[in-house]
Amino acid sequence: PSERASYGYARAEVIAAFINALAMLALIVWIAVEAVLRLLAPVPVAGPAVMAVAGAALAVNLIVAWMLSRHAHGINARGALLHVLGDLLGSVAAFIAGAVVYWTGWTPIDPILSLVVSLLILRATLALLKESTGVLMERVPARLSYEAVGRALAKLPGVTGVHDLHVWQMSAERVALSAHLTLTDGAAWPRTLAAAQRMLARDFAIDHVTLQPAWPVPPPAGRVIPVAPIEPTQGSGPRLH
């Protein structure tokens with residue numbers, strides 16, 4: 001963190017993963033187009049040379065993939081691993097294609113396997129793109145339920161309502177939350193705050209929490225739409241708006 005970047009630069013890895021995913025998509029499209037062109041107009045393939053180059057590339061990619069898999073916890077590391085796995089699959093496909101061409105002379109196997117590899121890495125690429133985009137758009141993390149978080153806060157002793165609830169990802173790993181809690185007794189706020197922080201960290205792994213106390217006020221003009229109403233009880237129960 002710094003004066004110009006109070007949250008630090010944790011999202012740099014998310015931006016890198018986003019660019020990585022876009023590059024993979026461009027690569028998949030390019031491979032698919034080239035494969036189709038080769039199916040329509042076959043070209044000679046030097047089987048032994050292809051096998052030799054593919055075998056060397058496979059060995060290097062296996063070593064790199066093994067090294068990355070030991071530390072692929074962050075989104076950017078997973079993006080790098082995805083790149084290497086794409087290269088690894090490409091090496092396997094190229095080796096098989098070279099062997100088939102060498103032994104049978106059937107050249108279409110080369111573009112066919114290229115299309116297969118493209119489809120295999122497409123799903124993982126789209127998942128990485130979706131995850132990185134979600135962080136950049138400050139969406140609620142996929143592992144969390146916005147409604148469940150609001151209900152848990154509303155059930156805290158002394159809390160009668162939860163307003164302006166926001167849950168977003170500060171980085172690929174850290175989650176932040178801010179909300180207004182309506183209280184029955186302002187003097188109990190220190191205990192309520194501590195209880196909320198413990199609950200959010202324990203049950204939802206949210207450690208960056210900003211909560212603001214509020215007291216009942218006359219309802220504003222207009223319509224209030226409940227987002228996640230608590231099960232009705234006798235009297236007035238807490239509600240999330």
Side-chain angles (χ1 to χ4, degrees), residues 9-137 139-144 169 171-174:
Y9 296 92
R11 283 196 180 179
E13 68 164 344
V14 181
I15 296 174
F18 178 77
I19 296 174
N20 203 348
L22 292 180
M24 288 296 291
L25 284 179
L27 182 62
I28 290 170
V29 171
W30 177 71
I31 292 174
V33 170
E34 288 293 320
V36 171
L37 292 177
R38 287 201 173 199
L39 283 173
L40 297 176
V43 297
V45 177
V50 170
M51 286 190 290
V53 175
L58 180 61
V60 173
N61 285 321
L62 283 173
I63 295 173
V64 177
W66 174 75
M67 295 173 64
L68 280 174
S69 64
R70 299 170 59 195
H71 306 286
H73 305 302
I75 187 173
N76 192 35
R78 293 198 300 273
L81 180 60
L82 177 62
H83 251 305
V84 174
L85 290 178
D87 291 342
L88 194 152
L89 289 174
S91 299
V92 173
F95 188 87
I96 295 175
V100 171
V101 170
Y102 177 74
W103 293 106
T104 68
W106 192 53
T107 56
I109 186 64
D110 183 27
I112 288 174
L113 288 180
S114 296
L115 289 173
V116 171
V117 170
S118 297
L119 291 176
L120 288 176
I121 62 178
L122 177 61
R123 182 178 179 181
T125 300
L126 291 177
L128 178 65
L129 183 62
K130 180 180 179 181
E131 182 181 0
S132 57
T133 301
V135 177
L136 295 177
M137 295 297 295
R139 297 185 60 187
V140 177
R143 66 176 179 83
L144 294 178
Q169 288 185 269
S171 66
E173 306 298 332
R174 294 196 68 190

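All figures in this text were calculated on a predicted structure; none of them were measured in a lab. Side chains included, hydrogens not; waters and symmetry mates left out as well; all remaining heavy atoms used.
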Nearest heavy atoms of Y102 and G47, plus distance in Å: CB-CA, 4.3 Å
Any non-hydrogen side-chain atom of F18 less than 4.5 Å from a side-chain atom of T133? yes
Inter-residue atom distance R174.CZ - R11.CZ, 0.5 Å rounding: 12.0 Å
The reported gap from NZ in K130 to CE in M137 (rounded to nearest 0.5 angstrom) is 14.0 Å
When rounded to the nearest 0.5 Å, the distance separating CD1 of I112 from CD1 of I96 is 12.5 Å
Could you tell me if the side chain of L88 sits less than 4.5 Å from the side chain of L62, heavy atoms only? yes
Nearest heavy-atom neighbours spanning G55 and F95: N-CD1, 4.1 Å
Qualifying salt bridge (charged side-chain N to carboxylate O under 4.0 Å, His left out) pairs, either residue in residues 107-123, two or more places apart: R38-D110
Minimum heavy-atom separation for V50 and G98, please, with both atom names. CG1-CA, 3.9 Å
Are L113 and V92 close enough that some pair of their side-chain heavy atoms sits under 4.5 Å apart? no
Check the pair L122 / L25 against side-chain contact (heavy atoms from CB on, under 4.5 Å), numbers first and verdict last. CA-CA 7 Å; L122 177 61; L25 284 179; 3.8 Å; yes
d(Q169 CD, E131 CD) to nearest 0.5 Å is 7.0 Å
With L115 as reference, evaluate I31, L120, L39 under the side chain to side chain contact (heavy atoms under 4.5 Å, CB included) test and give the passing residue. L39
Are side-chain heavy atoms of P141 and L144 found at a separation under 4.5 Å? yes
Check step by step if side-chain contact (heavy atoms from CB on, under 4.5 Å) holds for I109 and V101. CA-CA 8 Å; I109 186 64; V101 170; 3.8 Å; yes
More than 12 non-hydrogen atoms from neighbouring residues, nucleotides or ligands closer than 6.0 Å to CH2 on W30, yes or no? no
Would L68 and V84 satisfy side-chain contact (heavy atoms from CB on, under 4.5 Å), going step by step from the backbone distance to the final call? CA-CA 9 Å; L68 280 174; V84 174; 3.7 Å; yes
Once you round to the nearest 0.5 Å, how far does CE of M24 lie from OG of S118? 9.0 Å
Separation of L27 CG from L22 CG (nearest 0.5 Å): 12.5 Å
Do N61 side-chain atoms and A57 backbone N/O form a donor-acceptor pair below 3.5 Å? yes
If we only count heavy atoms from C-beta on, is the T125 to I28 side-chain gap below 4.5 Å? yes
Sidechain-backbone polar pair: S132 side chain, L129 backbone, donor-acceptor under 3.5 Å: yes
